[in-house]
*Asks:* 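My questions will all concern the structure given below.
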2 protein chains.
Amino acid sequence: MELAEAKLKFIEAWGKLGSEWGINRTMAQVHALLMISPEALTTEEVMAELSISRGNANMTLRDLIDWGLVEKRHKTGERKEFFYAEKDVWTIARCVAEERKKRELTPIIKILDQLAEVDGDTKDPAYKTFKTTVTDINKLANNVNKTLDTMLKAEENWFFGSILKVFK
Amino acid sequence: MELAEAKLKFIEAWGKLGSEWGINRTMAQVHALLMISPEALTTEEVMAELSISRGNANMTLRDLIDWGLVEKRHKTGERKEFFYAEKDVWTIARCVAEERKKRELTPIIKILDQLAEVDGDTKDPAYKTFKTTVTDINKLANNVNKTLDTMLKAEENWFFGSILKVFK
DNA sequence: TTAAACTTTCAAAAAAAAATGAAAATTTAG
DNA sequence: CTAAATTTTCATTTTTTTTTGAAAGTTTAA
């Protein structure tokens, strides 16, 4: 396969994966484009490569910066801003995990904590089922949370190492 | 908090979480409703509880069955179908992991395998960056895949156990 | 200063996703 | 068989999400 074709396929696949996981397709595509670019790109270049508008490119790049996946760079003598994506896959994975933890896991745990305090009649099946379900989900969420915390502190390559033996 | 209020909040929160993770909000809400229902519900009841149309309820319940999260049940003497959700949180987590692995991880690995075979000039930075990025993502994806495989075979309660010590 | 280069904003438009509901299909009791 | 009960389908509508692009805002070189 040619590099040009492969690039397009990668951008498309990354966009699709993103959208399946609740990430805006264009944001995932811009991320893909920058990940495979050795050099930082300008807004103009991103717009041209992906055929998107200036406004879209600007907002998407801002979001990627908020996620910690992309950084602004400046070149001496150039007035324009350049955008460069983190390329280390483990660092990328950490960023995503950290952000999603903050944006989604922490808020839902807060709600589950409140819901676990619902009061009612222990003999009422509706109450029992509600309480049990919410409590169990809460426990799972807290375990995911703790595991992520530990994982995020872990060595860069824990994932590529032999963690698998744990489950032996 | 009253049970009725708590139920509504739970359904709302579960729907929101679902939509953040690329799951149709209504599907997540129907799932939430069934998870906290001690008894299997009819399509009519789901429609009424969530104020959704028959068509929507029908398709959503079908999807939940496809995910392995809900099953059809029949009551003797009743002609209608009833829907009952799996309540064990670990089993639910396995179902979701298994489905998403099948629907999203396996396909992307297939594509990454193809893309890793792109040919080009080793001295070309664009080629080098592409190759490295794709290869690294591929490695990570394969490790996630293997870890999920092992996890899915694991004991019901591995997650609630002391897996955390692994990362010590 | 100031004007050109560049970036950001956001109301409006377009596109995508989800929901509706009535007709068609299916099932089953009698 | 047959007709009532129930489920499924899917063209259309509605809602939600995403994108556009031009105007406003900002920065900087001279």
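In the text below, chain A, chain B and the rest are named by the order of the sequence lines, each starting its count at 1.
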*Asks:* Once the angle between the rings of A:F10 and B:F130 is folded into 0 to 90°, is it parallel (under 30°), tilted (30 to 60°) or perpendicular (over 60°)?
*Replies:* perpendicular
*Asks:* Any donor-acceptor pair under 3.5 Å linking the side chain of B:Y127 with the backbone of B:V118?
*Replies:* yes
*Asks:* 5'-most contact on DNA chain C: A:E78 or B:A57, nearest heavy atom basis?
*Replies:* A:E78
*Asks:* When you measure from the side chain of A:N58, which nucleotide among D:dG21, C:dT8, C:dC6 comes out closest?
*Replies:* C:dT8
*Asks:* Looking at the side chain of B:I52, which of D:dG21, D:dT9, C:dT20 is the nearest nucleotide?
*Replies:* C:dT20
*Asks:* Want to settle it: does B:G22 or A:E81 sit nearer the 5' end of DNA chain C, counting the closest nucleotide to each?
*Replies:* A:E81
*Asks:* Looking at the side chain of B:T26, which of C:dT9, C:dA19, D:dT9 is the nearest nucleotide?
*Replies:* C:dA19
*Asks:* Describe the nucleic acid contact of B:R54 in one word from base, sugar-phosphate, nothing, applying a heavy-atom distance below 4.0 Å.
*Replies:* base
*Asks:* Would you say A:M47 ends up clustered with A:L33 if hydrophobic residues are merged whenever their side chains have heavy atoms under 4.5 Å apart, either directly or through other cluster members?
*Replies:* no
*Asks:* For B:N24, which contact category applies under a 4.0 Å heavy-atom criterion: base, sugar-phosphate, or nothing?
*Replies:* sugar-phosphate
*Asks:* Mind calculating the distance between CG (A:N56) and P (D:dT20) to the nearest angstrom?
*Replies:* 5 Å
*Asks:* Using only heavy-atom distances, determine whether the side chains of A:N142 and A:N138 contain a donor-acceptor pair under 3.5 Å.
*Replies:* yes
*Asks:* Once you round it to whole Å, what is the distance between P of C:dA29 and NE2 of B:H74?
*Replies:* 11 Å
*Asks:* For salt bridge (Lys or Arg N to Asp or Glu O under 4.0 Å), just list the numbers for A:E5 and A:K7, CA-CA rounded to whole Å, side-chain angles, deciding distance to a tenth of an Å, and then say yes or no.
*Replies:* CA-CA 5 Å; A:E5 189 196 348; A:K7 277 182 174 181; over 6 Å; no
*Asks:* What is the distance, to the nearest angstrom, from the CZ atom on B:R25 to the C1' atom on C:dA19?
*Replies:* 14 Å
*Asks:* When the distance from CG of B:L61 to C1' of D:dT9 is rounded to whole Å, what number comes out?
*Replies:* 15 Å
*Asks:* Would you mind reading off the distance between A:Q29 atom CD and D:dT18 atom C1', rounded to a whole angstrom?
*Replies:* 12 Å
*Asks:* From CE of A:M59 over to C1' of C:dT7, roughly how many Å is that when rounded to an integer?
*Replies:* 12 Å
*Asks:* In this structure, how many angstroms lie between the P atom of D:dT9 and the CG atom of B:D63, rounded?
*Replies:* 11 Å
